[in-house]
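Numbers restart at 1 for each chain; the letters A, B, ... are given by sequence-line order, proteins then strands.
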Amino acid sequence: MAEAPLWIVLGRVDGAPVAALLDSAGEEQERVSLSDDRLPSWVADREAAGPRWVWSDATPWYTRLLAAGVRVGRCHDLRLCHAILRDSALVVEAPSLRAAAEWDAAPVAEVEETATLFALDDAGGATGAPDGLDETLEEFRRQRAALAEASDPGRLRLLLAAESAGALIAAELQAAGLPWDAAAHDRILTEILGERPAGGGLPARMQDAADRVRRELGDPAASLDSQPKLLRSLHRAGVLVESTSRWELAQHDHPVVAPLIEYKKLSRLLSANGWAWVDEWVHDGRFRPVYVPGGVVTGRWASSGGGALQIPRQLRGAVRSDPGWVLVVADVAQLEPRVLAAMARDEKLADAARGRDLYSGIVDSGAIDTRQHAKVALLGAMYGATTGESGRLVPRLRRAYPRAMALVDDAARVGEEGGVVSTWLGRSSPAPSSGWRDSQLRASEAEASGADETRARRWARDRGRFTRNFVVQGTAAEWALSWLADLRGRLAELPPVTEAQTSPRSGPVFEARPHLAFFLHDEIIVHTPEDRVDVVVDAVRDAAASAGRLLFGSFPIDFPLDLKVSRTAVKD
DNA sequence: TACTGGTGCGCG
DNA sequence: AAAGCGCGCACCAGTA
């Protein structure tokens, strides 16, 4: 009997899906012609042997499978992995990847209407990654070769697996959706803004705030939504601000300030997450945002549409589990400094991080006097603060935690010099732009003007702050992906619940089992049947511990979770 | 009418 | 108008 294929590569030939089965040596064993209709059941059959599915881009392939009720365990997302390998400083064989520019493809958004998914024609103008079978196989070979030659293939393999798992999770999060109670959302809006206006007017409380602002400005026609006009009105009223930002307004003692800040708050809520947002984004009790894995240079996810990663805390009460289900809401306390301690092998910082609150740990160690100062100093160290309270406090941190601080200081120096830095698993920062390099070059010439030098120095420092933060933010993203991927595996092993407990709005794959419902950098929400909550909580915690070991081995760093079980996602 | 850039603010 | 990183989105104004 033939060995079960390790990889199954999916691609299209003359528009129809074809599968190429590869053995452990990467040799093709067999080729199977399929159709879009037959693909899901064929994949489901093959999934039993646990292959890694290789495809151009998880979004189009996996979204269709999920809609047909088929889940897979592992994949290799060529588009995402291409971007990592192409830029990674650990990869020696990058030129051939760079030459394959057709794989530098932007993510394509998948439409939501599941019924029409299979009818979609890729020729609809979207420019995604190539999905022809030959091109797909060729790119997979290139990536395998690049990996084999890499200076630390083990780390990169972890990164590619985590990134690809993220691609699966993003599609699954969208398919399952975040349980969203439109009626609760409406109650929150009504309480804060006033009744939803029937016509074109403003909600009552917003109108009231606007009236008070105009009265205090002595300008009944003042425009509150146009920054230049508002600025002029403020100046006429004697409020000499340079901008209309909340921060600057709050510095001034004038009766217009309070109502104006209130108006801006209400206006923001209405325009970003008001009734129009609910109408557009919440359907059938679910908010289904479009996640963009790897959408940020550091490896963090981005989102597109719906402002999925910017849901205001005020509206967390609208996130409500289905009847008989609950939410497990968990986030990591101070993820980035913990990751920094582990990367730098800084045992003193790791000691301060032990237990719950890292900032208090720093205070207890005697390095800094108050929790607030410890927080400001540490953020300043990771972001590159040079002035203000933060800038003043950083040197104390440097004395107390020299290893950790040396890591970020080195990253900043490399960035200022035009170099490339990398995360723990090997995602590298982009090289400086040609404009940046030109500016540094010009400033170093004998005839450089003072302005040239000033600009070059500013740009160098800007880039230094970017690379300083890149290593920490990017490694934190790797930890979070590992946590998610591990948790996803644990949840998939739980037995499904009985039909009476199913929640069809989560889609065919997730209606009968605990599933991830939300992810935001260092926070996850799991939607689970009530009677599974204990095992889910254990899974969330075990996955966090496991992610720490996967990245940092036996280095003694804790990743404690703030975890709550509740019908809503409210945070305190 | 469609675009781009600036501003401001939500999230981590 | 943040200091000090990374994003997305709404809105307005200016321009093509």
Side-chain angles (χ1 to χ4, degrees), chain A residues 109 223-232 234 239-252 260-261 263-274 276-277 280-281 289-316 331-337 339-340 375-394 397 408 411-412 415 421 423 427 429-430 461-477 479-480 518-524 562 569 571:
Chain A
S223 165
L224 308 189
D225 300 318
S226 158
Q227 196 263 4
K229 289 177 188 164
L230 176 59
L231 200 54
R232 284 195 291 274
L234 286 164
V239 185
L240 301 180
V241 285
E242 286 179 17
S243 77
T244 63
S245 74
R246 189 149 73 222
W247 189 92
E248 194 183 357
L249 285 168
Q251 312 291 101
H252 288 75
L260 180 52
I261 288 176
Y263 175 84
K264 285 158 78 76
K265 273 207 159 83
L266 301 182
S267 167
R268 164 80 194 190
L269 178 62
L270 177 67
S271 71
N273 297 98
W277 182 90
E280 185 178 353
W281 289 100
V290 179
Y291 294 93
V292 186
V296 179
V297 271
T298 58
R300 273 189 175 183
W301 288 14
S303 71
S304 149
L309 308 186
Q310 300 130 258
I311 296 166
R313 292 171 79 97
Q314 292 167 297
L315 283 177
R316 281 179 160 258
D331 65 40
V332 198
Q334 305 116 14
L335 175 57
E336 291 189 358
V339 154
L340 172 58
K375 181 175 179 175
V376 167
L378 203 42
L379 290 175
M382 292 188 301
Y383 292 163
T386 53
T387 63
E389 187 174 54
S390 182
R392 280 196 302 280
L393 289 166
V394 170
L397 227 43
V408 284
V421 297
T423 60
R427 188 188 308 259
S429 62
R461 288 193 183 137
D462 286 349
R463 187 157 191 280
R465 286 194 305 276
F466 166 64
T467 52
R468 169 190 292 275
N469 188 246
F470 181 94
V471 293
V472 180
Q473 189 184 117
T475 303
W479 184 92
F518 191 64
F519 171 51
L520 179 55
H521 308 316
D522 64 358
E523 174 186 5
I524 52 137
D562 286 329
K571 278 193 164 181

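Using a cutoff of 4.0 Å between basic side-chain nitrogens and carboxylate oxygens, A:Arg316 and A:Glu523 are scored as salt-bridged.
Within the 4.0 angstrom heavy-atom criterion, no nucleotide atom of any strand lies near A:Gly295. Among the protein residues, A:Gly384 comes within range of the sugar-phosphate backbone only, with heavy atoms under 4.0 Å from sugar or phosphate atoms but none that close to a base. When heavy atoms are screened at a 4.0 angstrom cut-off, A:Val297 is found touching the sugar-phosphate backbone but no base atom. A:Ser390 comes within contact range of at least one nucleobase, with a heavy-atom separation under 4.0 Å.
With A:Thr475 contributing its side chain and A:Val472 its backbone, the two residues share no donor-acceptor pair below 3.5 Å. No side-chain donor-acceptor contact under 3.5 Å links A:Arg300 to the backbone of A:Ala476. Side chain of A:Thr467 to main chain of A:Ala411: a donor-acceptor pair is present (N/O by atom type, distance under 3.5 Å, no hydrogens or angles).
Annotation: A:Glu242, atom CD; neighbour count of heavy atoms from other residues, nucleotides and ligands within 6.0 Å does not exceed 12.
Read 5' to 3', the first and last nucleotides of DNA chain C with an atom closer than 4.0 Å to a heavy atom of chain A are C:dA1 to C:dA13.
In this structure, A:Arg246 CZ and A:Leu249 CG are separated by 9.5 Å, a value rounded to the nearest 0.5 Å. With values rounded to the nearest 0.5 angstrom, A:Tyr263 atom OH is found 5.0 Å from A:Leu224 atom CG.
For the P atom pair drawn from C:dG4 and C:dG8, the interatomic distance equals 23 Å after rounding to whole Å. Across B:dG6 and C:dA1, the matching P atoms stand 12 Å from one another, rounded to whole Å.
Secondary-structure stems of DNA chain C, taken as three or more successive Watson-Crick or G-U wobble pairs (i with j, i+1 with j-1) under a 3.5 Å distance threshold, comprise B:1-12 with C:5-16.
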For nucleotides 6-12 of chain B, just jot down a letter per nucleotide in 5' to 3' order: B, S or -, based on protein non-hydrogen atoms under 4.0 Å. -SBBBSB

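A:Phe466 has its side chain within reach of A:Pro430: a pair of non-hydrogen atoms, C-beta onward, lies under 4.5 Å apart. With contacts defined as side-chain heavy-atom distances shorter than 4.5 Å, the pair A:Thr386/A:Arg461 does not qualify. Residues A:Leu520 and A:Asp331 have side chains not in contact (no heavy-atom distance under 4.5 Å, counting atoms from C-beta outward).
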Please test A:Leu260 against A:Leu230 for side-chain contact (heavy atoms from CB on, under 4.5 Å), starting from the C-alpha separation and ending with a verdict. CA-CA 10 Å; A:Leu260 180 52; A:Leu230 176 59; 4.2 Å; yes

